[in-house]
Amino acid sequence: MSRVCSFCGARNKDKNFFLAGIKKETYICKNCVVAAYKVFFGDEDINSEVTVEEFTPKLFTPKELKAMLDNYVIGQEEAKKTLSVAVYNHYKRVFGEINSSDDVELSKSNVLLIGPTGSGKTLLAQTIARFLDVPIAIADATTLTEAGYVGEDVENVITKLYQAANGDIKRTEQGIVFIDEIDKIARAGENRSITRDVSGEGVQQALLKIIEGSIVNIPPKGGRKHPNQDFIQIDTSNILFICGGAFDGLGEIIKRRVGSNVIGFGQKKLSKDERDDVLHLVEPDDLVSFGIIPELIGRLHIIATLKPITKEDMVRILTEPKNSIVKQYQKLFELDGASLKFEDEALRAIAQKAIDRKTGARGLRSIMEELLIDIMFELPELKGYEVVITPDVVQKGAKPLYLKQKKSA
């Protein structure tokens, strides 16, 4: 976790060691200790000796960003490529040296991720933020309401980012905000109701200002529970907004539009794969028909679509990423002196269960927990054993194989 010096704002690095306060809420860096020593013992000219390092993340290329995503996100090649380019262009604009004499002004490009539940939308945003070493705030759009109504104010999203940046305003203004379930705030219909749609179109209208880029007054502690606290001003112009949603029903809207465009002679019939997966054909008008207001769509310039995860992808998700679920459980077994092995068909059976439940990749962990709970209960007594998970263990609830490990010479 990054620590920030309470005196100069520098961040902990290999050559700039930190000392923590008693409660580990305040820190002082090596440079400030040297500066304080010189002040107290007669050398007050500290500016020439001590330099304060400003926060400037490394600007990774699109290929480097995608390579990082490949280590943690299986499949979704087009989405990873699109997001990598969008993030690179955004931070090149933020940290690049732009000639102020030029007439060309680079505008911000926010991202909309569309894909089924558990396809990796949140994971993409989290992984990008972690490797860029920028703060990230993840918010659920379903909890937001228009200002003045019960629920969270839209500005609380920026408060979360401010807290993730450890109260550093500059870092906050260079962070990433991921708003999930953006499709759940679609307006109820084309016909306007007499009552206000405070959790639908009202939230979309409130999001416009912060996504576009403006000065937002936020309460540092968040919410309306502390009404007397001083507000902090945050400029959202350089904050990258990534919105994600499953958009259930959007495929039918796209199919109707595509179908209406191919009526007549020489029409092109869609293949079965194209009929089943048409999200990549999405256009702004389809999102308007779904219930997203045009003004918000106009601020989400880049649209990336994620495909449903196949059984083969599920198996790869279980085993290939650096922090894959199987590797995590194998590590837990190693800590107790045992080992864990999955047969290939057992992995495929687990993947099929997740597909049947329609929970996507996020359902894999709950399936593994159910599968291993009894074994984990006995794990401290399994030292020296290899536990083998067979297909029958997954499909029929059979007992796993317990093999005595051979002692290495």
Side-chain angles (χ1 to χ4, degrees), residues 65-84 87 111-131 136 138-142 176 178-184 242-248 250-251 273 276-280 303-332 340 342-373 376 389 391 393-395:
L65 288 172
K66 185 178 178 299
M68 292 173 184
L69 290 173
D70 287 339
N71 290 328
Y72 294 89
V73 183
I74 298 300
Q76 313 298 2
E77 296 300 315
E78 288 302 317
K80 288 189 287 191
K81 188 182 296 184
T82 301
L83 185 60
S84 298
V87 169
V111 183
L112 175 62
L113 300 178
I114 300 175
T117 299
S119 57
K121 300 183 291 295
T122 307
L123 182 59
L124 284 170
Q126 287 176 324
T127 306
I128 282 282
R130 182 165 68 248
F131 281 102
I136 182 171
I138 298 176
D140 193 328
T142 57
I176 294 175
F178 179 76
I179 303 177
D180 202 4
E181 307 286 1
I182 195 74
D183 54 315
K184 301 303 188 295
I242 302 175
C243 298
F247 288 87
D248 290 330
L250 181 61
D273 290 338
D276 293 340
D277 179 23
V278 295
L279 287 181
H280 66 283
I303 299 176
T305 58
L306 289 81
K307 297 180 179 179
I309 299 177
T310 64
K311 184 191 289 189
E312 288 70 24
D313 287 337
M314 287 283 192
V315 174
R316 293 181 61 200
I317 290 169
L318 281 168
T319 58
E320 290 187 15
K322 287 186 176 181
N323 61 342
S324 71
I325 300 173
V326 167
K327 290 177 182 176
Q328 291 182 40
Y329 279 103
Q330 287 175 336
K331 185 65 177 178
L332 289 174
L340 177 65
F342 287 84
E343 293 185 356
D344 291 341
E345 286 304 313
L347 291 172
R348 293 181 64 82
I350 294 171
Q352 186 60 51
K353 266 195 173 184
I355 292 173
D356 293 341
R357 292 184 182 183
K358 298 181 179 179
T359 54
R362 64 165 53 93
L364 292 172
R365 179 169 288 277
S366 62
I367 293 172
M368 291 286 280
E369 286 286 349
E370 295 169 9
L371 187 66
L372 299 176
I373 187 66
M376 298 285 284
I389 306 299
V393 177
V394 182
Q395 297 167 338

note = Those residues at least two apart in sequence (or on a different chain) that pass ring-ring contact (aromatic ring centres under 6.0 Å, His included) with Y72 are F131
ask   = Taking only residues two or more places apart in sequence or in another chain, which ones pass ring-ring contact (aromatic ring centres under 6.0 Å, His included) with F247?
value = F290
message = Is there a side-chain contact (heavy atoms from CB on, under 4.5 Å) between D313 and K307? Walk through the geometry before answering.
response = CA-CA 11 Å; D313 287 337; K307 297 180 179 179; over 6 Å; no
Show the nearest heavy-atom pair for residues [X] and [Y], with the distance to one decimal.
X    : Y    : value
S84  : L69  : OG-CD1, 3.7 Å
L306 : S119 : CD2-O, 3.5 Å
A79  : A304 : CA-CB, 4.3 Å
G251 : V278 : O-CG2, 3.6 Å
T82  : I303 : CG2-O, 4.5 Å
R362 : T117 : NH1-CG2, 2.9 Å

Separation of [Y] [atom2] from [X] [atom1] (nearest 0.5 Å):
X    : Y    : atom1 : atom2 : answer
D344 : T319 : CG    : OG1   : 9.0 Å
K353 : I355 : NZ    : CD1   : 13.5 Å
N71  : S324 : CG    : OG    : 12.0 Å
I179 : I138 : CD1   : CD1   : 11.5 Å
L279 : I114 : CG    : CD1   : 6.5 Å

Show me the side-chain donor-acceptor pairs of residues 120-130 shorter than 3.5 Å, one per line, residues at least two apart or across chains.
residue: K121; atom: NZ; partner: G115; partner atom: O; Å: 3.0
residue: K121; atom: NZ; partner: P116; partner atom: O; Å: 3.1
residue: T127; atom: OG1; partner: L123; partner atom: O; Å: 2.7

For [Y], does its backbone N or O pair with a side-chain atom of [X] as donor and acceptor, under 3.5 Å?
X    : Y    : result
K81  : K66  : no
Q328 : N323 : yes
K80  : G75  : yes
S366 : G363 : yes

Taking side chain as C-beta onward, heavy atoms only, is [X] less than 4.5 Å from [Y]?
X    : Y    : result
I367 : T359 : no
L318 : F342 : no
I309 : Q76  : yes

query = Just wondering, are more than 12 heavy atoms of other shown residues or ligands nearer than 6.0 Å to CG in D356?
reply = yes
task = Decide if atom NZ of K327 counts as having more than 12 heavy atoms of other residues, nucleotides or ligands within a radius under 6.0 Å.
result = yes
inquiry  = Which residues pass the side-chain hydrogen bond (donor to acceptor under 3.5 Å, both in side chains) test with D183, not counting sequence neighbours?
reply    = none
remark   = R357 meets the side-chain hydrogen bond (donor to acceptor under 3.5 Å, both in side chains) criterion, sequence neighbours left out, with E370
message = Set out, in order, the CA-CA distance, both residues' side-chain angles and the distance that settles side-chain contact (heavy atoms from CB on, under 4.5 Å) for V326 and M368, then state yes or no.
response = CA-CA 9 Å; V326 167; M368 291 286 280; 4.2 Å; yes
inquiry  = Just to verify, what does E320 make a salt bridge (charged side-chain N to carboxylate O under 4.0 Å, His left out) with, not counting sequence neighbours?
reply    = R316
ask   = Going through the checks in order, is the side-chain contact (heavy atoms from CB on, under 4.5 Å) test met by I389 and L372?
value = CA-CA 9 Å; I389 306 299; L372 299 176; 3.9 Å; yes
